[in-house]
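Proteins come first, then strands; the chains are lettered A, B, ... in the order of their sequence lines, and each starts at number 1.
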Amino acid sequence: MSEQQRKAFPFSEFEPKWQDEWEAKKAFHTPNPGEADFDATKPKYFVLDMFPYPSGAGLHVGHPEGYTATDIIGRFKKMSGFNVLHPMGWDAFGLPAEQYAIKTGQHPRITTEQNIEGFRGQLKRLGFAYDWDREVNTTDPGYFKWTQWIFLKLYNAYVNEEGKARPISELEAQGLSRAEIDSRRLAYISEAPVNWCPELGTVLANEEVVDGKSEVGGFAVERRPMRQWMLRITAFAQRLIDELDGLDWPESIRLLQRNWIGRSEGAHVTFQVAHADAEITVFTTRPDTLFGATYMVIAPEHSLVDQIAAPEQAAAIAAYRRVVGSKSDLERTELAKEKTGVFTGAYAINPVNNEQIPIWIADYVMMGYGTGAIMAVPAHDTRDFEFATKFDLPVKQVVQPPAGKEWQGYTDDGIAINSGFLDGLPTAEAKKKIAAWLEEKGLGKGTTNFKLRDWLFSRQRYWGEPFPIVWEDGHHHGIPESELPLLPPTLEDFRPTGTPEPPLSKATDWVCYSDSATRELNTMPQWAGSCWYYLRYCDAQNSDRFVGIEAERYWMTGSLGDNQTIGQSDNQTIGQGDNQTVSLSPHLPVSLSSPPKPGGVDLYVGGTEHAVLHLLYARFWHKVLFDLGYVSTPEPFQRLVNQGLIMGEDGQKMSKSRGNVVNPDDVVKEYGADALRLYEMFMGPLEQVKPWSMKGVEGVYRFLARVWRLVMVQHEENGVWSLSPALQDVPANKQLTKALHETIKKCGEDIEKLSFNTAISQMMVCTNAFTGAEIKPASAIVTFLKVLSPFAPHLAEELNTRIASQFPDLAVKGFLSDSIWPTYDPAALIEDEVEVVFQVNGKLRDKVRVPIAASKEEIEALALASTRVQEFMEGKPAKKVIVVPGKLVNIVV
RNA sequence: GCCGCUGUGGUGAAAUGGUAAACACAGCAGACUUAAAAUCUGCUGGGAUAACAUCCCUUGUCGGUUCGAGUCCGACCAGCGGCACCA
């Protein structure tokens with residue numbers, strides 16, 4: 001027998017055939033509103049994958065996990081009567097392409113194109129139902145033209161008093177100075193300490209630094225002051241927290257974002273420095289403990305240090321600053337255990353009691369959070385307590401903990417003591433009272449603080465979007481939109497310069513914008529392109545706009561509203577999804593007129609690794625575009641699902657060095673695309689981390705072969721497959737009908753819940769029932785193939801056409817993917833008899849089959865009559881009898 | 001340290017508060033075969049027992065609610081993930 005004939009079913013013959021046919025007939029092309037074949041009567045469903053970075057290594061098995069899930073959903077929704085938008089694209093700017101280019105001397109554009117080619121081919125070989133006409137590529141000038149355009153929108157916007165992004169022209173109209181305007185732009189220049197990674201030759205955003213090392217590559221990162229582009233994401237911190245509430249996201253991801261944004265309520269308190277014309281403002285979450293402040297600490301980098309330090313301490317301070325400055329962030333966190341610090345020689349005056357308290361510098365206070373200065377309350381703060389203990393500073397109790405708790409180091413709420421006018425108040429009330437007192441005296445006020453910092457947006461790289469900015473006389477300004485896209489210069493040598501000078505500086509001609517102006521030399525970070533790609537999918541070919549007005553409104557809200565203008569979205573109150581002015585089209589089914597959701601994409605599937613990077617950045621950009629009236633929803637992604645990591649067969653994370661990497665191409669070659677798809681969905685719940693098992697692949701492969709053999713038989717000698725004689729045009733018997741309808745019901749419900757593993761189990765049960773039947777009813781099998789088709793589309797389509805060859809009236813004409821998802825008959829699910837369980841004191845003692853219609857009384861009588869039941873009742877009377885019809889009887893004695 | 005998630009057979013896992021372990025993997029036995037592969041059929045949580053009869057135990061541990069708990073509540077333990085001197 002040939003290699004092919006030994007396969008349990010000839011997947012390698014028909015899988016490519018169907019892929020070609022889908023492509024040739026554009027089976028999954030989705031028309032936009034306004035196009036000829038657009039059907040306005042259908043509701044929309046936008047299902048989105050996190051688009052891949054096309055690496056040279058090709059797909060790994062993690063990619064098809066999420067992609068298969070969305071593919072099943074997309075195919076199911078299409079069969080259920082939705083206009084489905086299910087696109088794919090490439091997040092192709094970034095470091096690996098550039099580093100590879102540096103190594104090989106090949107231009108990153110070439111390697112990127114090759115990698116995309118490879119990825120696209122691999123995805124097509126898995127039979128995903130993408131609309132390839134909507135493919136996007138972040139490195140395509142037709143795409144990044146609009147990334148640059150959005151940057152200009154950010155650059156030319158500010159946030160008003162209500163916290164909304166508005167055009168900068170409003171400030172110009174108010175006659176603000178250039179400096180004032182520049183200081184309020186959402187994209188602005190900052191000269192501040194940044195995360196510089198010498199190894200990568202670029203700066204990194206806070207989010208890209210993990211434990212003092214670069215997230216990519218794990219290289220050391222140091223702080224150094226540099227002039228950089230920043231995006232004012234902090235202006236949206238509160239909205240980014242509040243508006244999470246309207247989203248169908250996993251609670252864990254919302255928490256991750258909330259924690260990252262890190263809101264905390266507290267107060268600013270201003271301390272006068274004794275014998276100096278200076279004051280220090282601190283941020284504290286415990287203003288109620290102000291009477292317990294026995295010293296202050298300011299960050300070593302703080303600008304006040306030089307101003308207030310006593311001359312005799314100058315040497316010690318300088319020495320301490322040198323030590324702290326030489327520590328990398330990594331060392332600073334690793335050495336966090338032991339507190340260090342130096343007395344400045346200066347004193348501050350505690351405003352509540354006029355006590356003089358010493359001012360120290362210590363690196364446990366960071367410049368970047370709050371005001372870079374704290375009031376230390378050692379009695380009720382763990383860090384202050386450690387510091388005070390080490391340097392022998394006074395510890396004064398001001399909070400009385402509940403009985404039995406030690407007050408030293410007690411950080412929870414209690415009752416204020418030794419605190420003057422606060423005495424006797426519980427913590428919450430003391431906070432209010434002191435805040436009011438401070439405000440009245442002009443010494444401070446309640447404040448909210450965030451951990452989130454502004455987004456460091458420039459990189460010293462070649463392979464990224466150039467900024468549409470030029471510099472003239474020390475000022476920056478945006479280039480005209482007509483000059484977009486701004487292409488990067490052609491460079492022979494795109495290596496980092498080894499200094500913070502970006503590689504674009506080598507393109508001397510390009511740099512020169514005019515006689516007096518030069519171009520910005522930095523490029524945007526990789527995240528830029530992925531901040532809005534989902535919008536581009538709505539209208540990927542549009543050359544006049546980043547996305548067409550109508551296309552955006554339709555795919556993000558489902559509305560076709562002909563007389564709507566996008567600008568109306570400005571009327572919406574943020575965080576209240578129920579008063580959106582975007583009205584739903586009268587064309588849409590009533591079921592859709594439920595309150596509009598804040599998010600536009602109906603389902604977004606991807607890994608957790610983007611919880612605080614991509615997902616936060618994209619929400620931020622989307623809100624700016626929303627405020628400025630360019631998009632219709634305040635949030636981009638309504639429902640988010642995280643797929644769990646697939647581990648190696650050994651239970652370890654897949655990695656080259658462990659040698660446990662599974663290549664999807666090998667699996668497709670050996671078992672076929674349908675088997676890979678099905679296995680990845682059968683492994684376990686989508687969101688769970690789970691190990692790979694080749695035996696498991698064989699299991700689903702055998703299942704697919706059993707489905708194949710429901711329809712086909714193989715000739716013993718020549719191995720040729722032909723239609724099974726058992727396949728007949730007969731109605732399914734009661735038992736098969738029940739199995740089939742249960743499968744239709746469960747699979748439909750499970751797909752909505754993304755419980756693909758249990759849906760597949762049910763299809764296995766159904767197949768086992770059909771396998772056991774001597775005669776295979778053809779029309780029932782066709783119905784089963786419809787249910788199977790979103791999971792294993794090649795096999796389902798192939799068997800449908802095979803059946804059509806003999807039973808043309810029973811099979812689906814055309815593609816199964818265009819057919820209607822079957823409905824189940826509830827009557828077919830009901831059995832004549834059910835098994836009822838008899839329990840005595842909750843323990844199972846007997847089972848009987850009773851007619852489905854049996855009454856409560858009849859069942860109870862049967863239970864009491866059971867000899868087994870009587871045996872365990874031991875002659876005692878029943879105290880209580882619980883009857884659950886169709887289920888069980890529990891007798892309590 | 002703080003926050004979150006997860007603990008069920010040899011393995012991946014199922015179970016609207018109602019028969020724990022569906023479905024699959026692995027294993028065992030049998031059928032077919034000269035043989036193997038493939039396929040098909042059956043068995044397969046632990047213990048007691050001569051027993052395929054029957055009984056007891058079993059969802060990380062301990063308690064609680066309930067006629068009834070893997071599921072709800074409380075405490076604890078373990079593993080994984082995130083944050084981490086955030087004032």
Side-chain angles (χ1 to χ4, degrees), chain A residues 1 6-8 210-211 250-256 258-260 262-264 266 282-286 289 296-297 299 332-333 335-339 362-366 368-377 380-384 386-387 411 449-452 608-609 611-612 644-645 651 679 682-685 687-700 702-703 705-706 709 714 755 757-768 771-772 835-847 868 871 878-884 886-893:
Chain A
M1 271 190 192
R6 245 186 287 130
K7 299 232 152 101
V210 178
D211 290 339
E251 187 50 34
S252 59
I253 299 294
R254 292 196 288 185
L255 257 158
L256 237 45
R258 278 195 209 103
N259 289 344
W260 187 267
R263 182 193 153 100
S264 61
V282 301
F283 174 73
T284 176
T285 55
R286 293 297 300 272
T289 61
M296 293 185 85
V297 185
R332 210 162 148 170
T333 43
L335 301 173
K337 319 281 176 273
E338 188 74 2
K339 295 276 179 295
D363 68 352
Y364 82 91
V365 172
M366 290 165 300
Y369 183 77
T371 61
I374 63 157
M375 63 177 211
V377 184
H380 307 295
D381 181 279
T382 315
R383 294 147 302 174
D384 296 345
E386 284 171 23
F387 192 84
T411 57
N449 213 353
F450 296 93
K451 273 197 270 185
L452 185 70
T608 332
E609 66 274 19
V612 287
L645 212 58
Y679 172 66
F682 187 60
M683 292 172 83
E687 301 184 66
Q688 195 164 302
V689 178
K690 44 211 177 274
W692 187 267
S693 156
M694 234 16 143
K695 288 287 184 188
V697 182
E698 284 177 29
V700 294
R702 278 200 286 266
F703 159 68
R706 271 204 308 280
R709 289 196 309 269
Q714 189 166 30
S755 298
N757 54 333
T758 50
I760 293 166
S761 297
Q762 180 58 39
M763 289 191 283
M764 288 171 168
V765 171
C766 187
T767 302
N768 291 344
T771 302
E835 190 176 58
V836 169
V837 173
F838 297 154
Q839 296 178 337
V840 178
N841 289 337
K843 285 200 185 221
L844 175 69
R845 295 305 179 192
D846 203 1
K847 308 172 185 183
R868 296 267 306 127
E871 197 178 310
K879 272 193 226 157
K880 196 168 179 182
V881 181
I882 286 111
V883 183
V884 183
K887 273 261 154 66
L888 61 77
V889 179
N890 189 13
I891 298 165
V892 188
V893 294

What closest approach, in Å, do [X] and [Y] show between heavy atoms, and which atom pair accounts for it?
{"X": "Gln688(A)", "Y": "Lys690(A)", "value": "O-NZ, 2.7 Å"}
{"X": "Gly842(A)", "Y": "Asn890(A)", "value": "N-OD1, 2.9 Å"}
{"X": "Val893(A)", "Y": "Ala878(A)", "value": "CG1-CA, 4.1 Å"}
{"X": "Ser761(A)", "Y": "Phe682(A)", "value": "OG-CE1, 3.7 Å"}
{"X": "Pro691(A)", "Y": "Gly651(A)", "value": "CB-CA, 4.4 Å"}
{"X": "Phe387(A)", "Y": "Ala362(A)", "value": "CE1-CB, 3.7 Å"}

> If each of Ala373(A) and Glu251(A) is mapped to the nucleotide of RNA chain B with the nearest heavy atom, which maps nearer the 5' terminus, i.e. the 5' end?
Replying inline: Glu251(A)
> Which residue lies toward the 5' end of RNA chain B, Leu255(A) or Tyr369(A), if each is placed at its nearest nucleotide?
Replying inline: Leu255(A)
> Salt bridge check: are Glu835(A) and Lys887(A) linked by an N-O gap of less than 4.0 Å?
Replying inline: no
Separation of [N] [atom2] from [X] [atom1] (nearest whole Å):
{"X": "His380(A)", "N": "A87(B)", "atom1": "NE2", "atom2": "C1'", "value": "15 Å"}
{"X": "Lys879(A)", "N": "G68(B)", "atom1": "NZ", "atom2": "C1'", "value": "15 Å"}
{"X": "Glu609(A)", "N": "G82(B)", "atom1": "CD", "atom2": "P", "value": "11 Å"}
{"X": "Glu687(A)", "N": "G81(B)", "atom1": "CD", "atom2": "P", "value": "18 Å"}
{"X": "Met763(A)", "N": "A14(B)", "atom1": "CE", "atom2": "C1'", "value": "16 Å"}
{"X": "Leu844(A)", "N": "U54(B)", "atom1": "CG", "atom2": "C1'", "value": "13 Å"}
{"X": "Glu835(A)", "N": "G18(B)", "atom1": "CD", "atom2": "P", "value": "16 Å"}
{"X": "Ile253(A)", "N": "G81(B)", "atom1": "CD1", "atom2": "P", "value": "15 Å"}

> Which distance, rounded to the nearest 0.5 Å, do you find between the CZ of Arg258(A) and the CD of Glu251(A)?
Replying inline: 5.0 Å
Between [N] and [M], how many Å separate the two [atom1] atoms, rounded to a whole number?
{"N": "C85(B)", "M": "C2(B)", "atom1": "C1'", "value": "13 Å"}
{"N": "G7(B)", "M": "U54(B)", "atom1": "C1'", "value": "33 Å"}
{"N": "G82(B)", "M": "C73(B)", "atom1": "C1'", "value": "27 Å"}
{"N": "C5(B)", "M": "C56(B)", "atom1": "P", "value": "37 Å"}
{"N": "U65(B)", "M": "C55(B)", "atom1": "C1'", "value": "29 Å"}
{"N": "G70(B)", "M": "C52(B)", "atom1": "P", "value": "27 Å"}
{"N": "G10(B)", "M": "A22(B)", "atom1": "P", "value": "14 Å"}
{"N": "G9(B)", "M": "U61(B)", "atom1": "P", "value": "10 Å"}

Give every pair of a protein N or O atom and an N or O atom of nucleotides 64-67 of chain B that lie under 3.5 Å apart, one pair per line with the distance.
from, atom 1, to, atom 2, distance (Å)
C67(B), OP1, Lys880(A), NZ, 3.1
C67(B), O2', Asn890(A), ND2, 3.2
C67(B), O2, Asn890(A), ND2, 2.6

> Counting only distance, no hydrogens or angles, is the base of U6(B) paired donor-acceptor with the side chain of Gln688(A) under 3.5 Å?
Replying inline: no
Of the options [options], whose atoms approach the side-chain atoms of [X] most closely?
{"X": "Lys887(A)", "options": "G4(B), U16(B), A87(B)", "value": "U16(B)"}
{"X": "Leu256(A)", "options": "G82(B), A87(B), A14(B)", "value": "G82(B)"}
{"X": "Pro691(A)", "options": "U39(B), G12(B), U19(B)", "value": "G12(B)"}

Pick base, sugar-phosphate or nothing for [X], based on heavy-atom distances below 4.0 Å to the nucleic acid.
{"X": "Lys843(A)", "result": "sugar-phosphate"}
{"X": "Arg845(A)", "result": "sugar-phosphate"}
{"X": "Ser264(A)", "result": "sugar-phosphate"}

>> Just so I know, are the side chains of Val881(A) and Val892(A) near enough to count as touching, which here means a heavy-atom distance under 4.5 Å?
In response: no
>> Taking the side chain as everything from C-beta on, heavy atoms only, tell me whether Met694(A) gets closer than 4.5 Å to Val697(A).
In response: yes
Quick test: give all pairs of protein nitrogen or oxygen and nucleotides 23-32 of chain B nitrogen or oxygen below 3.5 Å, distance rounded to 0.1 Å.
from, atom 1, to, atom 2, distance (Å)
A24(B), OP1, Asn768(A), ND2, 3.0
C25(B), OP1, Arg702(A), NE, 3.2
C25(B), OP1, Arg702(A), NH2, 2.8
A26(B), OP2, Arg702(A), NH2, 3.4

>> Taking only side-chain N and O atoms of Asn259(A), does any of them lie within less than 4.0 angstrom of OP1 or OP2 on G82(B)?
In response: no
> Can you check whether Arg868(A) has a side-chain N or O nearer than 4.0 Å to OP1 or OP2 of C55(B)?
Replying inline: yes
> Which string of ( ) [ ] | and . matches RNA chain B, if you list each base 5' to 3' and count Watson-Crick or G-U pairs only when both distances are under 3.5 Å?
Replying inline: (((((((..(((.....[....))).(((((.......))))).((((.....))))..(((((..]....))))))))))))....
> Considering residues at least two apart in sequence or located in another chain, which fulfil the salt bridge (Lys or Arg N to Asp or Glu O under 4.0 Å) criterion with Arg263(A)?
Replying inline: Glu265(A)
Is the backbone N or O of [Y] less than 3.5 Å from a side-chain atom of [X], with the two atoms forming a donor-acceptor pair by type?
{"X": "Ser693(A)", "Y": "Gly696(A)", "result": "yes"}
{"X": "Arg286(A)", "Y": "Thr411(A)", "result": "yes"}
{"X": "Asp381(A)", "Y": "Asp384(A)", "result": "yes"}

>> Each nucleotide in nucleotides 41-47 of chain B should get exactly one letter: B, S or -. Can you fill that in based on protein heavy atoms under 4.0 Å?
In response: -------
>> Does G9(B) count as syn, meaning its glycosidic angle lies within 90° of 0, or as anti?
In response: syn
>> If the condition is ring pair (Phe, Tyr, Trp, His ring centres under 6.0 Å), which residues does Phe838(A) pass it with, not counting sequence neighbours?
In response: none
>> Does Lys339(A) qualify as a cation-pi partner of Tyr364(A), given the criterion of NZ or CZ under 6.0 Å from the six-membered ring centre and within 45 degrees of its axis?
In response: yes
